[in-house]
Amino acid sequence: MSMRKPSREEMEQALQLAEALREKGKDQYKLGYVLLYLQERNKILEDLRKKAEYYVRFGMGEQELRNLRSALEKIHDMDVDEADDSSFFVRE
């Protein structure tokens with residue numbers, strides 16, 4: 001199912017409503033929480049996409065590779081449960 005991208009105004013309005021639901025304690029079904037979480041995750045994924053695209057287009061420089069790895073680590077950190085210490089990524 002393909003949906004059109006929401007306009008900036010639509011997205012801002014939805015995020016404001018999500019924040020208001022959370023602040024007022026009326027987010028019974030966690031829709032506000034989920035929307036805010038997905039918005040944050042989308043920012044990180046968009047950053048990863050840009051870094052991956054740059055890396056693929058312009059070569060394999062060390063700095064670009066570090067940037068790409070850093071962006072991947074941010075996404076990984078969002079997915080790993082606090083109790084899970086078996087990280088695929090090694091922190092240096």
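On a predicted model such as this, the values are computed, not experimentally measured, just so you know.
Here the closest non-hydrogen pair linking Ala71 and Asp47 is CB-OD2, 4.0 Å.
Under the side chain to side chain donor-acceptor pair (under 3.5 Å) criterion, Glu53 pairs with Arg49, sequence neighbours left out. Evaluation of the side chain to side chain donor-acceptor pair (under 3.5 Å) rule for Gln63 yields Arg66, Asn67 as partners, not counting sequence neighbours. Listed by chain and number, the residues in a side chain to side chain donor-acceptor pair (under 3.5 Å) with Arg4 are Glu10 (sequence neighbours excluded).
In this structure, the separation between OG on Ser70 and CG on Leu48 is 10.0 Å, given to the nearest 0.5 Å. Note that CD1 of Ile44 is 11.5 Å distant from CG of Leu72, once rounded to the nearest 0.5 Å.
The cluster map of Ile, Leu, Val, Met, Phe, Trp and Tyr, joined by side-chain heavy atoms under 4.5 Å apart, puts Leu17 and Leu31 in different clusters.
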Ignoring hydrogens and angles, write down the donor-acceptor pairs under 3.5 Å from the side chains of residues 34-43, residues two or more places apart or on other chains.
unit_1 : atom_1 : unit_2 : atom_2 : d
Arg41  : NH1    : Asp79  : OD1    : 2.8
Arg41  : NH2    : Asp79  : OD1    : 3.4
Arg41  : NH2    : Asp79  : OD2    : 3.4

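Legend: salt bridge (charged side-chain N to carboxylate O under 4.0 Å, His left out) pairs involving residues 14-25, not counting sequence neighbours, sorted by first then second residue: Arg22-Asp27. Listed by first then second residue, pairs satisfying ring-ring contact (aromatic ring centres under 6.0 Å, His included) with a partner in residues 43-74 read Tyr54-Phe58, not counting sequence neighbours.
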